[in-house]
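Let me begin by presenting the structure, written as structure tokens, before commenting on it.
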4 protein chains.
Amino acid sequence: MSIAHKNKSDVILYAALKQFSENGFHSSPVSQLATRSGVAVGSIYRYFDDKEALIHAVFSMVDDTLQKTITESADPTLSGRDEFIQLVTSLTEYLNKHPQEFKFLEQYYSSPYGSDKKHAKFLSDDSVDLSNPFVNLFSGKTKGMLKDLPLSLYLAMTFGPIIFLLRDSLSGLVTLDDCLIQQTAEACWNAIKA
Amino acid sequence: MSIAHKNKSDVILYAALKQFSENGFHSSPVSQLATRSGVAVGSIYRYFDDKEALIHAVFSMVDDTLQKTITESADPTLSGRDEFIQLVTSLTEYLNKHPQEFKFLEQYYSSPYGSDKKHAKFLSDDSVDLSNPFVNLFSGKTKGMLKDLPLSLYLAMTFGPIIFLLRDSLSGLVTLDDCLIQQTAEACWNAIKA
Amino acid sequence: MSIAHKNKSDVILYAALKQFSENGFHSSPVSQLATRSGVAVGSIYRYFDDKEALIHAVFSMVDDTLQKTITESADPTLSGRDEFIQLVTSLTEYLNKHPQEFKFLEQYYSSPYGSDKKHAKFLSDDSVDLSNPFVNLFSGKTKGMLKDLPLSLYLAMTFGPIIFLLRDSLSGLVTLDDCLIQQTAEACWNAIKA
Amino acid sequence: MSIAHKNKSDVILYAALKQFSENGFHSSPVSQLATRSGVAVGSIYRYFDDKEALIHAVFSMVDDTLQKTITESADPTLSGRDEFIQLVTSLTEYLNKHPQEFKFLEQYYSSPYGSDKKHAKFLSDDSVDLSNPFVNLFSGKTKGMLKDLPLSLYLAMTFGPIIFLLRDSLSGLVTLDDCLIQQTAEACWNAIKA
DNA sequence: GATGAATGAGACTTCATTCAT
DNA sequence: AATGAATGAAGTCTCATTCAT
């Protein structure tokens, strides 16, 4: 099915993701979103209550895909260490290959729009959410393999470096290749392993 | 020297820092900056070319102070490990006690305004800048004490977790006390030590 | 004949009367009229040229019914005074029991839409229209019973108080019961009787 | 003092009164109000929070002047009947000479904006407001001179006919000259006198 | 005949910037 | 130097109307 036959609301969502990640929310007038979507301004308001609703909808789309990606990469047959490395690697690779999604998420979480959600499930400290593969991992299989630290620190030592490197990668300061990703994942593990 | 006698441009800068960190660039009309500064709108334009110039000036002010703070906390008499711990601790404590500055920097770097500067000196990968105490440390005293990794990864393993925790702290998800800061600094070291 | 089998254009007219009287012309988007009518937006445009035509059509419907009601209540066997009282009472009771119609008329006449028609037949000074029972009454049977005043003043002393009270009734400032209606009709008569 | 030197907010208020009375609230875009005021759109928002606030401000201006006019025309030395005639005459003459004010008030009270105030003091049933010369009159001097009717009916018999005639006058259906005004005032009195 | 998605003109409002005082 | 009233471009959103299905 060609893009021309896609759901119009999906067309708008993708165009908005592009526009937002390139220009930011405030430099993305609805008129421009409309142009990029190939629809009229009014049509956007048929699918989304207002600009804010559109932003949240883009977030949901991005977040859902990210979650599915990571969840699918979790391999319970691996050792605790190897599953950790695997998860970190998958997450980093995905975001590195999807810079628009990464930029959007960064912007969303640091904006008033995302302050509710605080952190996305995969980037967050929502410690009760066992559906998060990372939280699940830290709460289960790795017991005894890790230093005794608060969950929030496990998460900070995992996501913090990744996010930092992804930013540098976007800025062109760093080339985030497989080797560097591997090194990063191992360093993260070393930071928290017993 | 009381605030009343300060340079008028400094008064504006401080008021702008407050306003920007609390409300964001786009919810900070110049008229409001003027009110909070206790000056007229027109006066802001005497000291700064336009709103964007003011934003960059606030950044310079914040960045300068941050640099000075960290540079002053560097203690060459300590061992490589201890100096690292010391630097990380100082930086984290400073930003934790100055949430306005942290919020401003976060916002600045994720905005079009800060995309030029890429990363502030202390949060960055500007690898040639030996005046940055971290770069200086990784390039000198710690030689041989660390795994052989790219500088950018050293920096990512240092700043990434801090920034992540500071965000969580601001969101109220985590209490960033001395103990957690100490644990974090040590974990960072473990991540990169040989 | 149930409402479901009514003429589609009548269904639209009734829904529009409701909507207009409750929300006013400008807070009644055609889409909402469609929803309340249970028809599609496009269908409204099959029966009415545009929104303005619909408004005029609602007026005609309301005005026709009102005329018929009053005309039917005229009783030529009564004395001039009693027929006057009877007409005033009927008109007031009808409008008091049909607040939607009254609200609509008020709105219509005070809007650009109704400025053409000036005044509805029953509320007007259309002095040549003998089909209007009031005009008919003032021009015939009551000759000699009334002070010598212009017809427009007869009409003003008749309809003015009624309209005023109906407004107050709608506002909840007054309870327009049978007693008050009777008192009003008599006061109107006293105002103009010889 | 020429109009050019008037308070700018007054200039806007007068232009708005004109525009609203001629075209109605909904056919008076702020851009047109600005043009007629000879100011930029933005300037209107310096003086009034939004269009609604402007509408209310126009009402206050009109209502204040009307109140003052009527209050000043009250003559306590006259008999109850003569003071009543005097008040009715003054009110009618004032509104007849100020059709813009009359149109505005009609529109205001029949709009959502004026539904709070229900009725203006001089056109209303606010029965406790003795500062209203009419209410004051009906509650005092005329005791015993009037039929025993509810205050709301006194008011309806007073204002109803006037408003009706003023509408007809605006429509050109009637010429509201001194003679007709006098006849009306007397008919009103006859309607309620004992 | 009926439908309702699509359109885009136009309304309201904000706010960076200017400039006469 | 300081002031703040004035400006108008630009943004968000609504809704009457059209037209392909």
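Chain A is the first sequence line, chain B the second, and so forth, proteins listed ahead of strands; every chain is numbered from 1.
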*Take the protein atom CZ of B:R46 and the nucleotide atom P of E:dC19, then report the distance between them rounded to whole Å.*
14 Å
*asked:* Is the shortest side-chain heavy-atom distance between D:V30 and D:L54 below 4.5 Å?
replied: no
*State whether B:S43 places a side-chain N or O below 4.0 Å from either non-bridging phosphate oxygen (OP1 or OP2) of F:dT3.*
yes
*To the side chain of D:P29, which of F:dT3, E:dC12, F:dC13 is closest?*
E:dC12
*Nearest to the side chain of B:K51 - F:dA16, F:dT7, E:dA16?*
E:dA16
_Using whole Å, what does the distance between atom C1' of nucleotide E:dT14 and atom CG of B:L33 come to?_
15 Å
*asked:* For the CG atom on D:D64, are there more than 12 heavy atoms of other groups (residues, nucleotides or ligands in this structure) within a distance under 6.0 Å?
replied: yes
*Spell out, as yes or no, whether a donor-acceptor pair under 3.5 Å connects the side chain of B:Q107 to the backbone of B:F25.*
yes
_I'd like to know if D:E106 pairs up with D:R167 as an ion pair, taking the criterion as any Lys NZ or Arg NE/NH1/NH2 lying under 4.0 Å from an Asp or Glu carboxylate oxygen._
yes
*Could you check which of F:dT3, F:dT14, E:dT17 has an atom nearest any side-chain atom of B:V39?*
F:dT3
_Without decimals, in angstroms, what is the distance between D:F48 CZ and F:dA6 C1'?_
15 Å
*So which nucleotide does F:dA9 pair with, by the Watson-Crick or G-U wobble rule with both distances under 3.5 Å?*
E:dT14
*Have a look at A:V30 and say if it touches a base, only the backbone sugar-phosphate, or nothing, with a 4.0 Å heavy-atom cut-off.*
sugar-phosphate
*5'-most contact on DNA chain E: C:V41 or A:A40, nearest heavy atom basis?*
C:V41
*Nearest-nucleotide wise, let me know which of B:S27 and B:D49 is further upstream toward the 5' end of DNA chain E.*
B:S27
*asked:* Within the 4.0 Å heavy-atom criterion, would you say B:Y47 contacts the bases, only the backbone, or no part of the nucleic acid?
replied: sugar-phosphate
*Earlier contact from the 5' end, DNA chain F, for B:G42 and A:H26*: B:G42
*Please report, rounded to the nearest Å, how far the P atom of F:dA9 is from the CD atom of A:Q32.*
19 Å
*asked:* Applying the Watson-Crick and G-U wobble criteria at under 3.5 Å, what pairs with F:dA20? Answer none if nothing qualifies.
replied: E:dT3
*Rounded to the nearest angstrom, tell me the gap between atom CD1 in D:I44 and atom P in F:dG8.*
13 Å
*In whole Å, what is the span from the CG atom of C:L54 to the P atom of F:dT17?*
10 Å
*Return the nearest nucleotide to the side chain of B:K8; candidates are F:dA2, F:dT12, F:dA16.*
F:dA2
*Between B:Y45 and E:dT17, is there a side-chain N or O to OP1/OP2 distance below 4.0 Å?*
yes
*Short question: side chain of A:S111, backbone of A:Y113 - any donor-acceptor pair under 3.5 Å?*
yes
*Starting at the 5' end of DNA chain F and moving along, which residue's nearest nucleotide shows up first, A:S31 or C:D50?*
A:S31
